[in-house]
> 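Dumping the structure here so I can ask a few things about it.
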There are 2 protein chains.
Amino acid sequence: MTAPLAPITVLDLTHVLAGPFASMTMADLGAHVIKVERPGSGDDTRSFPPFKADKSAYFATLNRGKQSVALDLKADADRALFDRLLERADVILENYRPGTMEKLGYGWETLHARYPRLIYGAVSGFGHTGPDALRPAYDMVVQARGGVMSITGEKDREPVRVGASIGDIIAGMYMLQGVLAALYDRERTGLGRKVDVAMLDGQLAILEHAVAITSVTGTPPGPSGARHPSITPFETYHAADGLFVIAAGNDALFARLCDVLGLPLAEDPRFATNPARCENARMLKRLIEAVTIDQPKAQWIERLVAAGVPTGPIQNVAEAMRDPQILARNMVVDVLDAAGKPAFTAAGNPIKISGMEDPKTRGPAPDLDGDRAAILDWLARDAS
Amino acid sequence: MTAPLAPITVLDLTHVLAGPFASMTMADLGAHVIKVERPGSGDDTRSFPPFKADKSAYFATLNRGKQSVALDLKADADRALFDRLLERADVILENYRPGTMEKLGYGWETLHARYPRLIYGAVSGFGHTGPDALRPAYDMVVQARGGVMSITGEKDREPVRVGASIGDIIAGMYMLQGVLAALYDRERTGLGRKVDVAMLDGQLAILEHAVAITSVTGTPPGPSGARHPSITPFETYHAADGLFVIAAGNDALFARLCDVLGLPLAEDPRFATNPARCENARMLKRLIEAVTIDQPKAQWIERLVAAGVPTGPIQNVAEAMRDPQILARNMVVDVLDAAGKPAFTAAGNPIKISGMEDPKTRGPAPDLDGDRAAILDWLARDAS
């Protein structure tokens, strides 16, 4: 067996994060990804810090294993080459402002008429429809407008941004789901589809609990700091040497937690059920910490793990990147340079699929227009 | 054209969030989802608040449009029914602790031998391999251990949890990507694959910028409050009536921002480039707020939008749910009750695909074992 997307060629016009994140996963699943960049400066992220040997680590990790060709889609010669690429592509991805592809003569209707099997994936700030379709957006604009910031942070303090760019990443992941569903569908119908995903829509789509509460009570939840809004105990606790996490999501787990801590609370009416524990959460946190504060977190984690209670450390990114479980899952990989030597460390592919190799390295990120010759050569060969 | 996953039958043994979130998307894309629940209490989330007419809004929104059958997979009669379902299923999903399916006699190897076309999607806290594979996890355990909490929140304060359960949701989305890639692949090979996704792996996979910084500098970034760690200006600002967001991600946008604010800073060496702006971010924030503090946020947003600068409000979840753009995108839908009346409000499907209807309502969430008769009837008919 081979990688599941090995037969697929992706023409990737996206830049920055949402689109390149999706095409990175496609490359990890075996697709041939041709990154089409604007001549001169290419993808904005080529100039994003931090750098190593003049290469952006940000660009390199997101664009590993892709090819690059620089095309001016307003110039005839480059359009002719782009047309040849379209004939061979299964998927085209773009994250321009809505209407840009139409102005270039490559809108969905035109492409679908000329290349009926081509699948078109678009990700934009607000989508291709609606009153704000033409507004520009970055991650933080949709984290703020979509409601995620309003439930993240501490009560009575200013809202905070989620440290990972989930405005972009969630949208890229939804676009990829749509494209993959369209690829499956094309095997039956022979026809491509257009997938239109908005970053703002993606933020609302992940609010699960907060939407349910707002829907039923009419009152939106606020930020809940480091605890879950409706499960207790499910938060951070102080040990002798710092904070750690306990997440006892049901009565059985709470009983086990009480056993380990030596706290006779499992039958106490103030704590016997999850609604009661939520009601008395502040008191319960202090009763738990009265015990946990006396010993180091590693000891508590070990004892709670032995009892089957979900728990764990709060790790910074360096600690997470050397976590034995993360390493055992091959979730930290080396991105090679052009000479085949490790150049950058990056997150691996979390989709572990039987019958597909999960290599410890990834091919280099391309230089701008660095694969033009190879792509021309590939085009000159017969379509496979 | 029809919904892309219309031919697909999913046997969904998952519960709580990660798995049901993935199968919800599959149902939204047209799949026939049969939820297999344990007799008696069913999915834990049936008892999660808030409730409306004794039904959990949380359960209803995540399990809309699915069928339910209650099966005891240790009882012969129910196993016989489960075997008949396996013969008709394209995909099986489960989020048990690793090894549970093997103990039941339904491990991947067994299923693959008996049903070679069946695709097997598993999501678990730590994955099916590695030293911690058997540990239990909830969302917060992987948000903490995977590094996301360490970059979310305010400097010099305790870390906070991302208000949305991205530990579960990201993992469910990765599993679905793997399953969809396997569905495409099966059209060529005729064979199913196993997809194994860990919640912890998913958290590391979305750290993009933080992994790049750690990889190059060796020093993990800390939390950066409400600002982007390496783009300036890209944060919240005070207007006369509260906070709003400006995200000017490059020099051209910064110049436009300065024009709107009447600030002569675009050529100032302290602010002319993004690295310089990051260096002087605290000063720049105050210079911007010295202007923005005098007028209401709506006015700034209107003027900045007119100038093409990414900006927007910080909305709570109720505001987001009535946002005109969200409504124009059909991102708020009604989940019907059994009588066909609107019962719950839920987030819609962010994957807008050409040729597929995007209905304003969704079918009801099932009662426990509520579809047994319909499922038996469906099994009795010839395989389509």
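In the text below, chain A, chain B and the rest are named by the order of the sequence lines, each starting its count at 1.
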> Non-hydrogen atoms of chain A under 4.5 Å away: do they reach the side chain of B:I353, the backbone, both or neither?
both
> Would you mind telling me which of A:H209, A:Q203, A:K52 has the largest number of heavy-atom pairs within less than 4.5 Å of chain B?
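Going by pairs under 4.5 Å, I would pick A:H209.
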> Just do the side chain to side chain contact (heavy atoms under 4.5 Å, CB included) check on B:Y184 and A:L180 with the steps written out, would you?
CA-CA 7 Å; B:Y184 165 72; A:L180 292 172; 6.0 Å; no
> Relative to chain B, which of A:I170, A:V141, A:T217, A:T236 shows the most heavy atom pairs under 4.5 Å?
A:V141
> Return the option, out of A:A328, A:P221, A:P159, with the maximum number of heavy-atom pairs under 4.5 Å with chain B.
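The answer is A:P159.
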> Is there a side-chain contact between B:F344 and A:V216 in this structure, where contact means two heavy atoms from C-beta onward sitting under 4.5 Å apart?
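Heavy-atom side-chain distance check passes, below 4.5 Å.
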> Please state whether the rings of A:F21 and B:Y174 are parallel, tilted or perpendicular, taking 30° and 60° as the class boundaries.
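A:F21 and B:Y174: tilted rings.
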> Kindly give the heavy-atom pair with the smallest separation between B:A205 and A:P350, and that separation in Å.
CB-CG, 3.8 Å
> Counting only non-hydrogen atoms closer than 4.5 Å, does B:A181 touch chain A with its backbone (N, CA, C, O), its side chain (CB onward), both, or neither?
both
> I would like to know whether A:V211 and B:T61 meet side chain to side chain contact (heavy atoms under 4.5 Å, CB included); could you show each step before the answer?
CA-CA 9 Å; A:V211 165; B:T61 50; 5.6 Å; no
> Looking at every heavy atom in both A:T345 and B:S215, which two are closest together, and how far apart are they?
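The pair with the smallest heavy-atom distance is N-OG, 3.1 Å.
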> Going by distance alone, is a donor N or O of one side chain under 3.5 Å from an acceptor N or O of the other, for A:E208 and B:S165?
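There is such a pair between these side chains.
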> Could you tell me whether the side chain of B:L204 reaches within less than 4.5 Å of the side chain of A:D323, counting heavy atoms only?
no
> Give the intermediate values and the outcome of side chain to side chain contact (heavy atoms under 4.5 Å, CB included) for residues A:T311 and B:R135.
CA-CA 9 Å; A:T311 183; B:R135 283 198 191 187; 5.5 Å; no
> Side chain, backbone, both or neither: which part of B:V317 has a non-hydrogen atom closer than 4.5 Å to chain A?
both
> Roughly how far apart are A:H228 NE2 and B:Q143 CD, rounded to 0.5 Å?
9.5 Å
> Contact part of A:T152 toward chain B, heavy-atom cut-off under 4.5 Å: side chain, backbone, both or neither?
both
> Is any side-chain heavy atom of B:K352 less than 4.5 Å from a side-chain heavy atom of A:V197?
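No; the side chains remain at least 4.5 Å from each other.
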> Could you look at B:L243 and say if it's the side chain, the backbone, both or neither that has a heavy atom under 4.5 Å from chain A?
side chain
> Looking at A:I169, A:I166, A:D44, which has the largest count of heavy-atom pairs under 4.5 Å with chain B?
A:I169
> Between chain B and each of A:G153, A:P310, A:A347, count heavy-atom pairs under 4.5 Å; write down the option with the most.
A:P310
> Chain B: which of A:G125, A:G127, A:P49 shares the most heavy-atom pairs with it under 4.5 Å?
A:G127
> We want to know whether A:S224 and B:R161 form a side-chain donor-acceptor pair, criterion being a heavy-atom distance below 3.5 angstrom.
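No pair is found: no donor N or O on one side chain lies under 3.5 Å from an acceptor on the other.
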> When you compare the side chain of A:P223 with that of B:V160, does any pair of heavy atoms fall below 4.5 Å?
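No, every pair of side-chain atoms sits at 4.5 Å or beyond.
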> Check whether any side-chain heavy atom of B:S354 sits under 4.5 Å from a side-chain heavy atom of A:W108, and report yes or no.
yes
> Which heavy atom of B:I151 sits nearest a heavy atom of A:A164, and at what distance?
CD1-N, 3.8 Å
> Give, as side chain, backbone, both or neither, the part of B:L200 having an atom under 4.5 angstrom from any heavy atom of chain A.
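When you check distances to chain A, atoms from both the backbone and side chain of B:L200 fall under 4.5 Å.
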> At their closest point, which heavy atom of A:Y138 faces which heavy atom of B:A247, and how far apart are they?
CD1-O, 3.3 Å
> Looking at every non-hydrogen atom in both residues, tell me the closest pair between A:R193 and B:A3 and how far apart they are.
NH2-C, 4.1 Å
> Heavy atoms, side chains only, cut-off 4.5 Å: are B:P7 and A:R188 in contact?
yes
> State whether A:D196 and B:R329 are salt-bridged, where the test is any N-O pair (Lys NZ or Arg NE/NH1/NH2 against Asp/Glu carboxylate O) under 4.0 Å.
yes
> Taking atom CD1 of B:I351 and atom CE of A:M175, what is their separation to the nearest 0.5 Å?
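One gets 11.0 Å once the value is rounded to the nearest 0.5 Å.
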> Does A:R157 form a side chain to side chain contact (heavy atoms under 4.5 Å, CB included) with B:R157? I'd like the steps, not just the answer.
CA-CA 11 Å; A:R157 294 186 66 86; B:R157 292 186 67 86; 3.2 Å; yes
> Sort B:V142 into side chain, backbone, both or neither according to what part of it lies under 4.5 angstrom from a heavy atom of chain A.
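Answer is neither: B:V142 stays 4.5 Å or more from chain A.
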> At a heavy-atom separation under 4.5 Å, does B:L17 approach chain A through its side chain, its backbone, both, or neither?
side chain
> Return the CZ to CD distance between A:R145 and B:Q315, rounded to the nearest 0.5 Å.
6.0 Å
> How far apart are the closest heavy atoms of B:Q325 and A:T129, and which atoms are they?
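Here B:Q325 and A:T129 meet closest at NE2-O, 2.9 Å.
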> How long is the straight-line distance from CG of B:D185 back to OG1 of A:T2, given to the nearest 0.5 Å?
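Taking OG1 in A:T2 and CG in B:D185, the distance rounds to 6.0 Å.
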> Taking C-beta and beyond as the side chain, do A:I231 and B:M140 meet within less than 4.5 Å on heavy atoms?
no
